[in-house]
Amino acid sequence: MNSLPQSTLSAKICTATPVISKDTVLDALRSGIPDAEWLLNQIENEKGYFRFPPFFSDVIKNLKLENYPLLYASENAIWGMLLRGFLTDEEIKELDAELNAASPDERGEFITELCVGFDDAIEKIEIPKTKAQQDAARQRFLSLSPEEQKEAIRVSQHFYGYFFPSFFQLMSIMVHGEKLTSLVAQSKAGNDEAYVKAVQIDKRILTVDPYFIERYSRAQHEAGTDFYDALSYRLAAPPYRGKIRHKSLWLAFSLIDQAGLLESMPHREILEMCDEAGVGGYENRIQSVKHLSNRLREYREFQKRGIVATT
């Protein structure tokens with residue numbers, strides 16, 4: 001996986017106000033929630049362990065994405081991976097220069113339009129969930145010309161390079177009440193509790209990130225430490241055991257939160273957005289503002305306490 005260019009454009013996308021519009025978030029929920037719910041069901045079928053279907057393991061191997069956990073270094077790095085899937089380095093430089101020269105209002109409007117463009121492009125990328133869909137996707141790829149195949153591989157590398165860390169970022173919020181990027185940063189500041197929590201969410205960190213490799217190696221020579229016991233417990237305990245009742249709703253809260261809109265949107269608007277996006281399906285949808293407000297309060301209290309819903 002190629003390193004990211006030293007551009008501040010991804011940082012601007014993450015910090016501009018507004019980051020993305022409500023309509024864009026709604027489109028993201030419509031396209032992202034079904035895939036996320038499908039993955040959550042796969043996890044539940046594995047008794048709470050993060051085990052992707054074979055298709056995703058093949059994607060990681062075939063697209064050479066084994067080092068994607070390095071993107072947990074920052075949210076900007078994750079955004080940057082997606083950015084480079086649709087823009088060349090030269091286009092990124094040009095956009096960066098335009099954003100530097102723009103006013104705050106112009107920057108917010110520009111980034112909103114850019115994110116809408118990303119949503120349009122991402123909607124064209126379908127995650128094949130069944131063998132028939134996977135076989136059809138393979139045939140479509142084989143029907144492309146060599147140049148088209150090369151471009152399809154490049155876009156897929158960046159999409160899935162963004163998708164995997166983003167998914168685990170959301171899972172970390174749901175399980176630990178903290179983003180995985182935050183846990184990784186705390187780990188590198190010497191917080192071993194954050195270290196074992198991060199590894200529990202995505203075990204690949206343990207074998208990819210240089211700090212995590214070095215810390216594990218160093219622990220072998222440390223006497224009187226509970227590090228190994230804590231790590232063994234986290235590795236053995238299923239990080240996701242169905243204890244969060246409204247799973248897709250919390251995923252929606254996380255997405256809206258990362259867009260910078262959860263605090264400012266009236267609860268009725270959040271309810272309408274979730275209902276329109278089909279969050280939870282018909283049977284499990286939130287049917288009243290009061291009910292949604294209660295779930296949102298639980299979500300916020302969970303984040304503040306940092307409870308681990310695994311044992």
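Numbers here simply count residues along the sequence, with the first being 1.
You'll find the side chain of N67 reaches within 4.5 Å of the side chain of L70, heavy atoms only. By the 4.5 Å heavy-atom criterion applied to side chains, L180 and P165 are not counted as neighbours. With contacts defined as side-chain heavy-atom distances shorter than 4.5 Å, the pair K197/Q186 does not qualify. At a threshold of 4.5 Å between non-hydrogen side-chain atoms, the residues E75 and K179 count as touching. E263 has its side chain within reach of R300: a pair of non-hydrogen atoms, C-beta onward, lies under 4.5 Å apart.
Heavy-atom minimum distance, I205 versus A198: CD1-O, 3.7 Å. Residue T181 comes nearest to S74 through the heavy atom pair CG2-C, 3.9 Å, listed as atom of the first residue, atom of the second, then distance. When all heavy atoms of L29 and A277 are compared, the closest pair comes out as CB-CB, 3.7 Å. Nearest heavy atom pair, residue I256 against residue I270, reads CD1-CG2, 4.2 Å.
Salt bridge absent: E147 and K150 never bring a charged side-chain N and a carboxylate O closer than 4.0 Å. Salt-bridge check for D135 with R138: passed, with a basic side-chain N closer than 4.0 Å to an acidic carboxylate O. A salt bridge links D192 with R215; the closest basic N to acidic carboxylate O contact falls under 4.0 Å. Using a cutoff of 4.0 Å between basic side-chain nitrogens and carboxylate oxygens, R234 and E193 are not scored as salt-bridged.
Ring to ring, Y228 and Y233 are not that close: their centroids are 6.0 angstrom or more apart.
Checking side-chain atoms of N62 against main-chain N and O of D58 turns up a donor-acceptor pair under 3.5 Å. With hydrogens and angles ignored, the 3.5 Å screen pairs no side-chain donor or acceptor of H158 with any backbone N or O of L82. Put simply, the side chain of Y195 gets close to the backbone of F212: a donor and an acceptor are under 3.5 Å apart. Listed for the S172 side chain is a donor-acceptor partner under 3.5 Å among the backbone atoms of E178. Side-chain N or O atoms of Q157 include none that pairs as donor or acceptor with a backbone N or O of L65 at under 3.5 Å.
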Stepwise ring pair (Phe, Tyr, Trp, His ring centres under 6.0 Å) test for F167 and Y160: CA-CA 10 Å; F167 178 77; Y160 283 106; over 10 Å; no
Pair L71-F164, side-chain contact (heavy atoms from CB on, under 4.5 Å): steps then yes or no: CA-CA 10 Å; L71 296 173; F164 288 120; over 6 Å; no
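Within a 6.0 Å sphere centred on CZ of R268, other residues, nucleotides and ligands contribute 12 heavy atoms or fewer.
The salt bridge (charged side-chain N to carboxylate O under 4.0 Å, His left out) search around E269 returns K22, not counting sequence neighbours.
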